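Note that ligands are numbered from 1 as they come in the structure, with each ligand's atoms numbered from 1 the same way. The shown structure was predicted, so the numbers you read here are calculated from the model rather than taken from an experiment.
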Amino acid sequence: MPTDPAASLFEVVLAIHIMAVVVAFGVTFAYPIMFAVAARHDPRSVPLVHRIEYTVERMLINPGLLLVLLAGIYLASKGHYWSDFFVQWGLAAVVVIGALVGAVMIPTAKRAELAATRDVAAAGDGQIVLGEEYRALLRRLTAVGTLLSLLVLVTILFMALHVGS
Ligand code: HEM
């Protein structure tokens with residue numbers, strides 16, 4: 001354990017920064033599995049899965065992203081890292097992730113919920129066929145979600161390597 005209080009505060013904030021990364025982004029890597037299992041084994045649950053998805057994005061990912069940013073600002077200031085590339089990359093990553101979650105993922109998940117709800121209602125007691133509108137929305141969610149996951153992984157790599165200026 002460090003004895004210098006400033007150093008130990010830095011390490012606590014670093015731990016908070018990493019915890020926020022895990023809490024905010026951990027679940028997103030499981031989304032494709034959730035969507036596939038719901039569609040294959042219980043199509044009636046597909047609208048609920050998308051409701052869970054955008055609720056998680058609002059209640060967990062957005063606040064988590066804010067905590068990643070605030071802790072990152074403290075770390076960059078205390079460590080004098082502002083001119084390093086990994087910090088500028090991290091800032092850009094937070095902006096891109098926030099924009100894609102707010103402007104693409106949440107609205108697309110809501111539209112997917114509605115489209116799947118219509119398909120479930122149209123099937124009545126019969127077999128549910130998820131239509132082309134739903135499948136197109138799912139493709140967009142998967143494509144943008146994969147991009148976000150890759151961005152998070154590359155950012156972790158740059159942070160861990162402390163890629164410099
Ligand atoms: C999606 C965005 C981000 C992710 C996934 C992320 C992830 C990480 C991880 C995993 C570490 C630990 C690396 C290690 O200890 O070797 C770290 C460290 C760090 N992060 Fe981030 N970060 C993000 C955004 C930011 C932002 C926006 C800033 C600054 C404004 C920032 C500043 C820092 C600093 C300065 C450190 C290094 C602390 C040290 O010297 O050990 N990060 N980040």
Output the list of atoms in ligand 1 that are nearer than 4.0 Å to some heavy atom of Ala160, sorted by atom number. 13 (C), 16 (O)
Taking only heavy atoms of Val94 into account, list the atoms of ligand 1 that are under 4.0 Å away from them. 2 (C), 27 (C)
Between Arg58 and Glu53 (salt bridge meaning N to carboxylate O under 4.0 Å), is one present in this structure? no
Partner set under side chain to side chain donor-acceptor pair (under 3.5 Å) for Thr155, not counting sequence neighbours: Trp89
Under-2.8 Å protein N/O/S neighbours of atom 21 (Fe) of ligand 1, ordered by chain then residue number: His17 NE2, Met159 SD
Protein contact of atom 1 (C) of ligand 1 - nearest heavy atom, named by residue and atom, plus distance: Ile97 CD1, 3.8 Å
Minimum heavy-atom separation for Thr28 to Pro32, with atom names? O-CD, 3.8 Å
Just so I know, are the side chains of Phe35 and His50 near enough to count as touching, which here means a heavy-atom distance under 4.5 Å? yes
Element-labelled atoms of ligand 1 that are located less than 4.0 Å from some non-hydrogen atom of Phe10: 38 (C), 39 (C), 40 (O)
Element-labelled atoms of ligand 1 that are located less than 4.0 Å from some non-hydrogen atom of Ala76: 35 (C)
With sequence neighbours excluded, tell me which residues meet side chain to side chain donor-acceptor pair (under 3.5 Å) with Ser149. none
Taking the non-hydrogen atoms of Gly79, is any one of them nearer than 4.0 angstrom to ligand 1? no
To check your reading of the model: name the closest protein heavy atom to atom 37 (C) of ligand 1, its residue, and the distance in Å. His162 NE2, 3.6 Å
Main chain of Thr108, side chain of Arg140: is a donor-acceptor contact present, judged purely on distance under 3.5 Å? no
Among Ile156, Ile97, Leu148, the one residue meeting side-chain contact (heavy atoms from CB on, under 4.5 Å) with Phe25: Ile97
For the pair Tyr74 and His17, evaluate side-chain contact (heavy atoms from CB on, under 4.5 Å) and give the outcome as yes or no after the intermediate values. CA-CA 10 Å; Tyr74 173 88; His17 186 67; over 6 Å; no
Charged N to carboxylate O below 4.0 Å: is that the case for Glu113 and Lys110? no
Using side-chain heavy atoms (C-beta onward) and a distance below 4.5 Å, is Val46 in contact with Leu130? yes
Using a 3.5 Å cut-off on N or O atoms only, is Trp82 in polar contact with ligand 1? no
Heavy atom of the protein closest to atom 35 (C) of ligand 1 (residue, atom name, distance): Tyr81 CD1, 3.3 Å
For ligand 1, the portion of Leu14 having any non-hydrogen atom under 4.0 Å away: side chain
Per-pair distances, 0.1 Å, donor-acceptor, side chain in residues 61-73, under 3.5 Å, sequence neighbours excluded:
none

